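Accompanying notes for the structure given below.
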Amino acid sequence: VAAASVLAPLGLEPLAGRRGSSLEPAEARAVALAEALASPSVSVLLVEEPFVAMAAPAVAALPALLAKRTNACIVVATASAIDAARLANDFAIFDRGRLVRIVTEPPLRTGRELPRLRVVGGDLRALAAALAKQPAVQRLDLDARSVLVDGSDPRELAAAVNAAIVDAQTIVQSIEPEPTAIEDLRAEAVAAAGAARPDVAKGATP
C-alpha cells in the first residue's frame with residue numbers, strides 16, 4: 001500500500017516522502033496511528049490521550065476517522081471528558097486502575113469542562129495581551145513557555161487564538177488541545193460506587 005494513501009485519511013500526505021528519523025514526535029505519533037487504522041489485521045486499538053502530542057492535521061481528522069472504523073474495537077484513554085465525548089460512544093470512569101462506573105452519556109459537567117488550548121512559544125506577553133481582547137477567550141494563564149487558553153466553543157476558541165497570533169505579530173511553535181482533568185468526575189464516581197456498596201466503601205468483607 002502506498003504511504004500517501006495510508007496517511008491521507010489523517011491529512012498527513014506531506015509526510016509520505018520523509019524519513020522516519022526526520023519526523024517530530026507529534027508527527028511520528030500521528031503516522032503510527034494512521035498505520036494502525038489502515039491495517040485490516042488490527043482488531044483492537046488503544047489510543048492514549050489522542051489529542052496530545054499529535055500532528056495538527058490528525059487532530060482535526062481523528063474523530064470522523066475513528067467513527068468510520070467499525071471493524072475494530074477502539075479504546076480511548078483520556079483525562080479529558082471533552083475529548084471522550086468527541087470520540088466515544090460508551091464511557092468508563094476509572095480510579096487508580098479500578099473501574100468505578102460505566103455510562104452511556106458523555107461524563108460532562110456544565111461549566112467544568114471547557115475547550116482548552118496550549119500555545120507554545122512566540123512572544124508570550126504580547127500574545128496574552130492580544131488574547132485578552134478576544135471575546136471567545138474566557139480565561140488565560142501564562143507561564144514561562146506557553147499560554148493556556150479556555151473558551152466555551154472549540155471553533156471560536158481556535159479562531160480567537162489564530163487572530164491573536166496575527167494581532168501580536170508573533171510566530172508560535174505549536175497549538176495543542178490541553179486535556180482537562182476529570183478529578184471531580186472521578187471522585188463523584190467513586191463516591192457513588194461507595195454509596196451503592198457501603199460494605200466496599202468501608203472495606204468490609206461479604
Side-chain angles (χ1 to χ4, degrees), residues 1-92 106-108 113-122 127 136 145-151 153-166 171-182:
V1 179
S5 64
V6 171
L7 300 176
L10 284 179
L12 303 173
E13 303 98 313
L15 303 181
R18 291 181 43 192
R19 293 182 176 273
S21 59
S22 73
L23 299 177
E24 297 292 331
E27 294 172 335
R29 187 172 189 234
V31 168
L33 181 56
E35 291 176 339
L37 289 171
S39 172
S41 63
V42 174
S43 58
V44 178
L45 177 62
L46 171 63
V47 187
E48 184 175 2
E49 295 299 356
F51 297 129
V52 177
M54 183 70 69
V59 169
L62 191 55
L65 185 59
L66 290 184
K68 291 179 181 178
R69 183 67 189 269
T70 57
N71 60 339
C73 173
I74 300 176
V75 180
V76 175
T78 178
S80 169
I82 279 187
D83 290 353
R86 291 177 63 189
L87 296 172
N89 297 317
D90 299 293
F91 309 89
L108 298 175
E113 285 284 336
L114 297 174
R116 176 173 291 180
L117 293 174
R118 183 176 293 277
V119 186
V120 179
L127 181 59
R145 61 182 297 271
S146 66
V147 182
L148 192 61
V149 191
D150 288 352
D153 180 88
R155 293 181 182 276
E156 291 181 0
L157 183 61
V161 169
N162 287 327
I165 291 171
V166 173
I171 299 175
V172 302
Q173 296 174 10
S174 66
I175 305 171
E176 295 184 350
E178 180 79 1
T180 306
I182 55 172

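All of these numbers come straight from a predicted model, not from anything done at the bench. Residues: numbered from 1 along the sequence shown.
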Inset, instruction - Test side-chain contact (heavy atoms from CB on, under 4.5 Å) on Phe51 and Leu87 and set out the steps. - result: CA-CA 11 Å; Phe51 297 129; Leu87 296 172; 3.9 Å; yes
Value rounded to 0.5 Å, distance of [atom1] in [X] from [atom2] in [Y]:
X      : Y      : atom1 : atom2 : value
Leu37  : Leu10  : CG    : CG    : 6.0 Å
Thr78  : Glu48  : OG1   : CD    : 9.0 Å
Leu66  : Ile74  : CG    : CD1   : 4.5 Å
Arg69  : Leu45  : CZ    : CG    : 7.5 Å
Leu148 : Glu176 : CG    : CD    : 12.0 Å
Leu15  : Leu23  : CG    : CG    : 6.0 Å

Inset, instruction - Answer whether the closest heavy-atom distance between the side chains of Val47 and Val75 falls below 4.5 Å. - result: no
Legend entry - Validation row: Val120, Arg145 side chains within 4.5 angstrom (heavy atoms): yes
Inset, instruction - Give every residue pair that meets the side chain to side chain donor-acceptor pair (under 3.5 Å) criterion with at least one member in residues 52-62, sequence neighbours excluded. - result: none
Legend entry - Arg18, CZ: over 12 other non-hydrogen atoms inside 6.0 angstrom: yes
Legend entry - CG (Leu46) with more than 12 external heavy atoms under 6.0 Å: yes
Legend entry - Donor-acceptor under 3.5 Å (Ser22 side chain, Arg19 main chain): yes
Legend entry - Backbone of Val52 reached by a side-chain donor or acceptor of Arg29 within 3.5 Å: yes
